[in-house]
There are 2 protein chains.
Amino acid sequence: MNTQLQYAINGQITREMIEVAEAENVNSEWLRNEIAHGRVVIPKNVNHCFPARAIGNGLKTKINANIGTSEKHCNFNEEIEKLNVAVKYGADSIMDLSTGGDLHLILHQILKQSPVMVGTVPIYGVATRLLRRGKELNKFDPEELFNEIEFQAEAGVDFMTVHCGITKTSLSFLENDERVCGIVSRGGSILKHWMKFNKAENPLYEQYDRLLDICERHDVTLSLGDGIRPGCGEDASDRGQMAELLVLGELVDRARKRGVQVIVEGPGHMPIDQIEMNMKIMKKACKDAPFYVLGPLTTDSAPGYDHIVGAIGGAIAAIHGADFLCYVTPAEHLCLPDTDDVKQGVMASRIAAQSADVVNNIGGARQRDYEVSKARRDLDWEKIYKNSLDPEIARRRKQESESGEEDHCTMCGNLCAVKTDKIV
Amino acid sequence: MNTQLQYAINGQITREMIEVAEAENVNSEWLRNEIAHGRVVIPKNVNHCFPARAIGNGLKTKINANIGTSEKHCNFNEEIEKLNVAVKYGADSIMDLSTGGDLHLILHQILKQSPVMVGTVPIYGVATRLLRRGKELNKFDPEELFNEIEFQAEAGVDFMTVHCGITKTSLSFLENDERVCGIVSRGGSILKHWMKFNKAENPLYEQYDRLLDICERHDVTLSLGDGIRPGCGEDASDRGQMAELLVLGELVDRARKRGVQVIVEGPGHMPIDQIEMNMKIMKKACKDAPFYVLGPLTTDSAPGYDHIVGAIGGAIAAIHGADFLCYVTPAEHLCLPDTDDVKQGVMASRIAAQSADVVNNIGGARQRDYEVSKARRDLDWEKIYKNSLDPEIARRRKQESESGEEDHCTMCGNLCAVKTDKIV
């Protein structure tokens with residue numbers, strides 16, 4: 001046995017399950033059962049050493065930060081700095097989406113230095129090498145893609161996004177409808193292009209068992225990508241998106257049967273009133289697999305502020321079933337994020353997760369809110385800072401103001417309602 | 001006749017109603033009917049000259065920015081700068097909450113310079129003067145409060161927050177229950193303190209008709225304040241809050257009978273799953289009066305980022321009936337906001353309003369999202385900037401990147417999904 005899912009089905013509570021149960025303050029036998037049913041995953045490659053964390057039903061909402069170089073902006077040290085910033089501000093996982101520089105070297109370094117799980121999108125490496133050789137994206141050899149996946153699995157990657165749901169069938173539903181933005185997933189667009197040019201089925205779908213072999217061997221968690229996700233609110237919940245979801249649901253079954261841990265990715269761009277429905281249909285179609293959402297973004301009109309847009313959508317999604325929020329930074333749709341963007345993106349996602357966990361009464365979220373509130377009542381600023389999601393900024397803003405050392409703040413001065421309300 | 005409500009009830013379509021109908025692209029007779037029923041207000045003092053805007057059912061969600069000096073931070077020019085920044089980034093109204101410096105001078109200047117409606121909380125002026133005279137807050141003379149209200153009404157203030165719902169009855173429900181944070185409204189805490197010390201009813205409640213006289217004379221829109229609003233998630237929706245709401249509902253009836261326009265203020269701090277219920281009970285209790293919410297804040301744990309927290313709550317509130325969002329800035333709970341805080345607060349509220357207006361299909365919000373999306377599909381960056389909520393930052397981020405002049409951005413480079421998807 002290799003995977004947490006296999007152990008769980010076999011009734012064995014692993015060291016990783018105990019670690020997670022302690023960190024989340026849940027019963028380890030309950031956790032084992034959730035993992036056995038696929039409602040919770042512990043993405044942790046057998047070759048990767050770090051404190052285990054889990055994603056899924058009944059656990060704290062987790063957040064992911066994407067980092068990585070690109071063709072147009074490639075600075076290795078900056079990416080390591082982003083890794084450190086993301087972890088410092090509370091990211092539960094990192095995805096290395098590098099497409100610039102020595103990709104394998106960068107991945108090795110990130111795997112070595114990250115104290116949290118690491119995910120990738122293996123097709124990026126293949127596509128990057130094609131572009132460098134001056135070749136069209138439709139020219140990639142499926143063997144090269146599987147070699148990359150195998151290489152990354154051996155290197156210790158904990159979860160991989162693979163767009164297996166882009167099939168002839170799901171694409172036909174996309175093409176028989178109209179969309180404003182077409183395909184906005186990089187992996188999705190490459191696979192579609194390859195399939196059209198080669199008049200062939202998606203190799204990640206056709207050779208899914210081969211993919212499962214690799215994942216089973218290293219306990220890589222599959223993150224079934226949503227290559228047909230809507231790229232704008234107008235395209236949300238259309239037949240193409242749903243057709244891919246149905247395929248993903250079938251692939252969840254097949255992964256579980258092979259003992260491979262699996263999560264499912266979701267949109268994307270989506271008006272608020274469609275979020276609950278999407279979370280529910282996803283959980284149904286994919287039999288309660290942990291759901292990993294990008295955003296969702298509730299308006300398309302706020303480039304420069306998409307971390308806020310993503311926080312709105314993420315909070316609502318997490319209340320209705322999303323387990324894992326991929327952060328969105330202020331740089332989204334404009335440029336590669338810098339270090340401050342990474343911080344802002346992580347904080348916005350944590351606020352969304354905290355807001356949802358308060359509702360779901362999970363992971364001490366309500367207790368944290370209560371501690372801050374009590375400290376406010378007591379004008380105990382040190383306790384406010386201590387329990388804040390970002391103690392540094394709370395302390396700095398207060399202390400740098402004219403009322404830095406006072407019990408009240410410069411907003412109200414001595415007209416502070418808390419002080420007035422306490423007068424007997 | 002003085003008020004828009006009186007004209008509307010009388011079947012007359014005023015110049016202001018025509019202005020609003022044109023700006024909102026709605027039928028003026030429909031608008032008149034909404035105003036006549038109190039579901040829409042046009043806060044515009046007869047002595048204040050600026051382009052009329054309306055708040056309420058079927059109209060774009062509006063946003064307010066609070067500015068103003070305080071005891072501990074008082075710089076007149078800075079407040080005028082905040083006014084300009086708030087208006088530049090899209091605030092539909094300004095509240096001058098000054099409690100430092102020459103309050104009447106500041107108010108006159110803001111009224112003169114503001115191109116949007118101006119609101120106030122008249123009790124702040126009374127309390128500020130008491131504190132300066134070294135007197136306790138329970139020592140204020142109700143006459144002084146009414147004089148201040150009258151002065152401000154004559155000066156041209158368009159809407160005023162008055163905490164008329166703090167009564168012996170509503171306070172008794174507060175006191176018969178337990179709260180973490182007590183009263184966190186400045187006006188509310190002062191009135192409660194005065195009532196307890198003087199063993200008397202709230203003068204704003206007891207002399208409500210006198211208040212209505214003043215408002216009717218100048219067409220000041222009453223903003224019935226929520227003095228017992230919850231100051232943390234734990235306190236949300238408690239009996240004290242609801243008792244005050246019931247009183248406010250009765251006061252809405254009385255205001256309308258006198259032809260006085262009225263809106264109702266709401267919380268505050270509130271877990272996401274209570275927002276819809278609160279909007280619905282408020283609309284019911286107050287017979288569809290326009291609802292003005294502060295936030296609501298969906299977690300207490302994010303000082304330094306409360307603009308994001310408020311955007312989450314505001315978007316959800318606006319979908320379920322809130323018509324007017326009071327911004328929250330990153331400085332909330334820590335210090336008086338500076339100019340950049342004002343910008344960030346306005347932008348976060350506009351994102352919330354836009355996200356809700358997309359769902360409610362109001363005010364061209366969906367069209368704006370569509371234009372941005374189509375421009376993305378076409379990689380038409382100028383059109384993206386033009387239709388963005390903040391064109392400046394979108395342009396700056398893209399143009400300052402290594403791909404400033406290219407069709408793609410530095411996130412994906414030539415792996416841009418939009419480009420790949422377009423290859424025939």
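Here is the naming used below: chain letters follow the sequence lines, and residue numbers restart at 1 for every chain. What you see is a predicted model, and the numbers here were worked out from it, not measured in a lab.
- With values rounded to the nearest 0.5 angstrom, B:Asn138 atom CG is found 7.0 Å from A:Ile423 atom CD1.
- Interface residue B:Asp341: only side-chain heavy atoms are found under 4.5 Å from chain A.
- Put simply, of B:Ala417, B:Ser301, B:Ser388, the one with the most heavy-atom pairs under 4.5 Å next to chain A is B:Ser301.
- The residue among B:Ala394, B:Ser185, B:Pro271, B:Gly68 with the most heavy atom pairs within less than 4.5 Å of chain A is B:Ala394.
- Of the listed residues (B:Val358, B:Thr99, B:Val184, B:Asp390), the greatest number of heavy-atom pairs within a distance under 4.5 Å of chain A belongs to B:Asp390.
- One N or O on the side chain of B:Glu71 and one on the backbone of A:Asn414 form a donor-acceptor pair closer than 3.5 Å.
- The contact between A:Ile272 and chain B is made by backbone and side chain atoms together, counting heavy-atom distances below 4.5 Å.
- When each of B:Arg376, B:Arg368, B:Arg395 is scored by its heavy-atom pairs under 4.5 Å with chain A, the top score falls to B:Arg376.
- For the pair A:Met411/B:Lys72, no side-chain contact is recorded, criterion being any heavy-atom separation below 4.5 Å from C-beta on.
- In the model, A:Lys398 has no side-chain atom that pairs as donor or acceptor with a side-chain atom of B:His333 under 3.5 Å.
- Within a 6.0 Å sphere centred on NZ of B:Lys383, other residues, nucleotides and ligands contribute 12 heavy atoms or fewer.
- The most heavy-atom pairs under 4.5 Å with chain B, out of A:Gln399, A:His307, A:His408, come from A:His408.
- The minimum heavy-atom distance linking A:Leu334 with B:Cys409 is given by the pair O-CB, 3.2 Å.
- Within the 4.5 angstrom heavy-atom criterion, no atom of B:Glu400 approaches chain A.
- Here the shortest heavy-atom pairing between B:Pro303 and A:Ile393 reads O-CG2, 3.8 Å.
- Chain A forms more heavy-atom pairs under 4.5 Å with one residue of B:His73, B:Lys196, B:Gln344 than with any other, namely B:His73.
- Interface residue A:Ile190: backbone and side-chain heavy atoms are both found under 4.5 Å from chain B.
- Using a 4.0 Å cut-off between a side-chain N of Lys or Arg and a carboxylate O of Asp or Glu, A:Glu234 and B:Lys374 do not qualify as a salt bridge.
- In this structure, the separation between SG on A:Cys74 and CD on B:Glu402 is 10.5 Å, given to the nearest 0.5 Å.
- For the options A:Ser403, A:Gly413, A:Cys181, heavy-atom pairs under 4.5 Å to chain B are most numerous at A:Cys181.
- When the candidates B:Ser401, B:Ala348, B:Cys335 are compared by the number of heavy-atom contacts under 4.5 Å with chain A, B:Cys335 comes out ahead.
- Contact of the A:Tyr305 side chain with the B:Leu389 side chain is not registered, since no non-hydrogen atoms from C-beta on lie closer than 4.5 Å.
- Here the closest non-hydrogen pair linking B:Arg377 and A:Gly182 is NH1-CA, 3.9 Å.
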Checklist entry - Please walk me through it: do A:Ile319 and B:Asp273 pass side-chain contact (heavy atoms from CB on, under 4.5 Å)? => result CA-CA 8 Å; A:Ile319 282 168; B:Asp273 59 336; 5.7 Å; no
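- When B:Arg179, B:His193, B:Lys192 are each tested for a side-chain hydrogen bond (donor to acceptor under 3.5 Å, both in side chains) with A:Asp421, only one passes: B:Lys192.
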Next on the checklist: I'd like to know whether A:Arg397 forms a side-chain contact (heavy atoms from CB on, under 4.5 Å) with B:Asp338, so could you lay out the CA-CA distance, the side-chain angles of the two residues, the decisive distance to 0.1 Å, and finally the verdict.
Outcome noted: CA-CA 11 Å; A:Arg397 290 304 301 261; B:Asp338 62 24; 3.9 Å; yes
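- Using a distance-only test at 3.5 Å, with no hydrogens or angles considered, no donor-acceptor pair links the side chain of B:Asp300 to the main chain of A:Ser373.
- With rounding to the nearest 0.5 Å, the separation of CD1 in A:Ile316 from OG in B:Ser355 is 8.0 Å.
- Dense packing is recorded around NZ of A:Lys139, with more than 12 heavy atoms of other residues, nucleotides or ligands lying under 6.0 Å away.
- Heavy-atom pairs under 4.5 Å with chain B peak, among A:Tyr124, A:Tyr385, A:Tyr370, A:Phe197, at A:Tyr370.
- Side-chain contact check for A:Leu137 versus B:Leu415: some heavy-atom pair is nearer than 4.5 Å.
- Side chain of A:Ser70 to main chain of B:Thr410: a donor-acceptor pair is present (N/O by atom type, distance under 3.5 Å, no hydrogens or angles).
- Scanning for salt bridge (charged side-chain N to carboxylate O under 4.0 Å, His left out) contacts around A:Arg129 gives A:Glu144, A:Glu148, with sequence neighbours left out.
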